[in-house]
Amino acid sequence: MIAACRVLVEVEERGSVTRAAAALDVAQSVASRRIVALERQLGSPLLERNARRAVLTPFGRDLVPSARRLVRLADELELDAERARLRPVTIAVPEDCTTRDLAVADAAGRAEGIRLEFVRANPLRRSELVSALAVRVAVLAVPVDRARWTAQLGAAGRRRNDHPLRIDRLRAGRRGGVVKATGGIRMRARASGSGPRTTFRTCATS
């Protein structure tokens with residue numbers, strides 16, 4: 001309907017289907033088919049077919065103002081869509097996200113045609129930002145039954161360990177930051193974040 005309304009508006013302004021088609025950069029036959037389709041949809045003729053020049057019927061003249069408004073709104077919608085595509089997607093992320101990790105995420109977004117903008121914040125602040133619509137996305141810890149996706153925790157080491165690693169069984173060693181796990185494997189652990197949940201970043205040590 002938008003394309004047909006464009007033809008109708010141009011015919012009213014230029015007085016010819018041929019000139020209207022040229023202004024819209026479409027073939028005359030295409031412009032004519034659009035007018036015919038609009039007439040069929042609206043249930044009444046828009047043009048006098050027997051005249052040497054395109055003359056709008058009274059019905060057609062009455063619809064021109066509405067058609068012009070519809071075309072203007074469609075143009076504004078396309079402009080708003082272009083602005084929205086250029087606007088970055090703001091994401092609230094944990095404060096300990098590294099610059100390298102954010103750069104990788106940014107590159108992945110750009111590969112999909114999406115610009116990302118990151119805001120580092122603590123858990124409470126991230127929740128406040130997304131609730132206030134100050135950011136479009138926030139990385140938050142939620143109960144398992146409310147989670148959209150989950151990630152398993154794990155530990156990487158240089159020696160094979162066939163025993164399951166349980167966070168609740170880790171115990172502090174004599175040296176700060178060193179914990180002992182099942183099977184006698186020692187690991188360095190650093191607690192990060194705030195609140196009741198604690199995240200352990202681990203690596204095996206000899």
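Sequential numbering from 1 along the given sequence is applied to the chain's residues.
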Evaluate the side-chain proximity of [Y] to [X]: yes if any heavy-atom separation is below 4.5 Å, no if none is.
X    : Y    : answer
R33  : V26  : no
L70  : M1   : yes
L47  : I35  : yes
V89  : E117 : no
F118 : T90  : no
L42  : L63  : yes

Tell me every residue that passes salt bridge (charged side-chain N to carboxylate O under 4.0 Å, His left out) with [X], counting only those two or more places apart in sequence or in another chain.
X   : value
D80 : R83
D62 : none
R19 : none

Nearest 0.5 angstrom please: L8 CG to L46 CG, how far?
5.5 Å
Inter-residue atom distance R61.CZ - T57.OG1, 0.5 Å rounding
7.0 Å
Can you tell whether the side chains of R125 and E95 come within less than 4.0 Å, N to carboxylate O?
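Result for this pair is no, no salt bridge flagged.
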Between [X] and [Y], is there a donor-acceptor pair closer than 3.5 Å when you use the side chain of the first and the backbone of the second?
X    : Y    : answer
R14  : A20  : no
R126 : V139 : yes
R120 : C97  : yes

Would the number of heavy atoms belonging to other residues, nucleotides or ligands and lying under 6.0 Å from CD of E76 be above 12?
yes
R68 atom CZ, neighbour heavy-atom count above 12 within 6.0 Å:
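More than 12 within 6.0 Å, yes.
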